[in-house]
2 protein chains.
Amino acid sequence: MESLTSHEIHQQVRERLADAEVRYTTGRRAVVTALLRARGPRSAGEIVDLVVGAVPISSLYRSLAVLDESGVIGKHHDVDGIARFELAEWLVGHHHHMVCDRCGNVEDVALSGHEEDALHELVDRVGDSLGYTVSGHVLEVEGVCATCAV
Amino acid sequence: MESLTSHEIHQQVRERLADAEVRYTTGRRAVVTALLRARGPRSAGEIVDLVVGAVPISSLYRSLAVLDESGVIGKHHDVDGIARFELAEWLVGHHHHMVCDRCGNVEDVALSGHEEDALHELVDRVGDSLGYTVSGHVLEVEGVCATCAV
DNA sequence: AGTATAATAAGATTGATTCTCATTTTCGTC
DNA sequence: GACGAAAATGAGAATCAATCTTATTATACT
């Protein structure tokens, strides 16, 4: 998947929100911009720092909820149970995560087409064997990053 | 990995806790028994229901913390951010999770040796390419279970 | 049995997240 | 370019899983 420019992404988001009859306001745009700059999932607290100017935390959480509900961003929880948000895969491409055991940093990782295909087959097989209709998969690689490795 | 009997698991846990100079008390044993019956990760609230008799929630959390710290159980967070606990892999074998998108149920899944080897190679390659020393990996398959598929 | 140490129980506390509601902004219309 | 309806925001209250505190109880060792 060729990556979209920042401008194209905002355009895609605007259209998606329009379909959901939701306005693409300044606050919501600020969240998308912040997540665009970050190259991995970020917590609400981290996003507050990434966004220029003061953002009320309650408003930020509502922006995140709206964007999540309309499929613009995805939400998952890190090892400490804190929610982390990132742009949805239809905007930035399917990818996985490399997590540092020490500092907790999370980076996006895209597999090669061949690797992703193999993983996809594997996952389908697993779902079938248990009677599930597979809708997706998540792979997290855990390790110690170069900086933490002393 | 051949699976251990319930009795053998309690024995292993006892030894592991002894090494950590921690007692294997009734409350801690009850948690292990409950997780042994459950065939997948369970939340603190669910474990309260699985354990026979009333268990103070604060005590349960401390038992879980002690067992987690000594490596007897593992902890992760589900899509709603609540913590789920399960017996550690050295007790029940390395495995992955099949998660139902609808009801949230989580089942353990073990891959074949061949599949697991291939996955292991893949994650090693990913870690190397990013300068990480890989320590593990997590694969979650998402889908809709037979019951929820109507 | 007696003592020192660890574990438990009950409730208070914390902290991320959500809810409430009054105020403000936006959009389509006149 | 103001008007009214609907949507969004902001400030603080409320929620709830999880942790902490401390007094009490149980356990291991002598």
**Q** Take atom OH of Y24(A) and atom P of dT25(C), then tell me their distance rounded to the nearest Å.
**A** 21 Å
**Q** Give a yes/no answer on whether the side chain of Y61(B) brings an N or O atom under 4.0 Å of OP1 or OP2 in dA18(D).
**A**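 So the side chain of Y61(B) is within the cut-off, an N or O lying under 4.0 Å from OP1 or OP2 of dA18(D).
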**Q** Distance only, no hydrogens: is a donor on one side chain within 3.5 Å (strictly under) of an acceptor on the other, for H95(B) and E116(B)?
**A** no
**Q** Distance under 6.0 Å and angle within 45° of the ring axis: does R42(A) meet both against F85(A)?
**A** no
**Q** Between V66(A) and S58(A), who's closer to the 5' end of DNA chain D by nearest nucleotide?
**A**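 It is V66(A), whose closest nucleotide lies nearer the 5' terminus.
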**Q** Are any non-hydrogen side-chain atoms of H97(A) and E86(A) less than 4.5 angstrom apart?
**A**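 H97(A) vs E86(A): side chains touch.
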**Q** Between T26(B) and G45(B), name the one whose nearest nucleotide on DNA chain D is closer to the 5' end.
**A**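 Taking each residue's closest nucleotide, the earlier one in sequence belongs to G45(B).
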**Q** Taking CD1 from I57(B) and P from dA10(C), how many angstroms apart are they, rounded to a whole number?
**A**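 After rounding, the gap between these two atoms is 13 Å.
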**Q** Given dA9(C), dG10(D), dC27(C), identify the nucleotide with an atom nearest to the side chain of P56(B).
**A**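 Ranking dA9(C), dG10(D), dC27(C) by closest atom to the P56(B) side chain puts dA9(C) first.
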**Q** Expressed as a whole number of angstroms, how long is the span from I82(B):CD1 to dA16(C):P?
**A** 18 Å
**Q** Between V109(A) and V126(B), which heavy-atom pair has the shortest distance, and what is it?
**A**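 Answer, listing the atom of V109(A) first, then V126(B): CG1-CG1, 3.6 Å.
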**Q** Are R28(A) and dA8(D) close enough that a side-chain N or O sits under 4.0 Å from OP1 or OP2?
**A**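 So the side chain of R28(A) is within the cut-off, an N or O lying under 4.0 Å from OP1 or OP2 of dA8(D).
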**Q** Let's see if you can work this out: which of dT25(C), dA7(C), dT17(C) has an atom nearest to the side-chain heavy atoms of A44(A)?
**A**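 So the nucleotide nearest the side chain must be dT17(C).
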**Q** Nearest whole Å is fine: how far is dT27(D) P from L17(B) CG?
**A** 16 Å
**Q** Over all heavy atoms of both residues, which pair between W90(B) and G71(B) is shortest? Give the atoms and the distance, please.
**A** NE1-O, 2.8 Å
**Q** Give the rounded distance in Å between these two atoms: NZ of K75(A) and P of dA16(C).
**A** 14 Å
**Q** Starting from P on dC16(D), measure out to NE2 on H77(A) and report it in whole angstrom.
**A**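 In whole Å, dC16(D) P and H77(A) NE2 are 16 Å from each other.
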**Q** Just checking A83(B): base, sugar-phosphate only, or nothing, at a heavy-atom cut-off of under 4.0 Å?
**A** sugar-phosphate
**Q** Is there a donor and acceptor pair, one atom on the side chain of T25(A) and one on the base of dA8(D), closer than 3.5 Å?
**A** no
**Q** Can you tell me how far P of dT27(D) sits from CZ of R14(B), to the nearest Å?
**A**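 Answer to the nearest Å: 12 Å.
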**Q** Whole-Å distance between dA18(D) P and R42(B) CZ?
**A**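 For the pair R42(B) CZ and dA18(D) P, the rounded distance is 15 Å.
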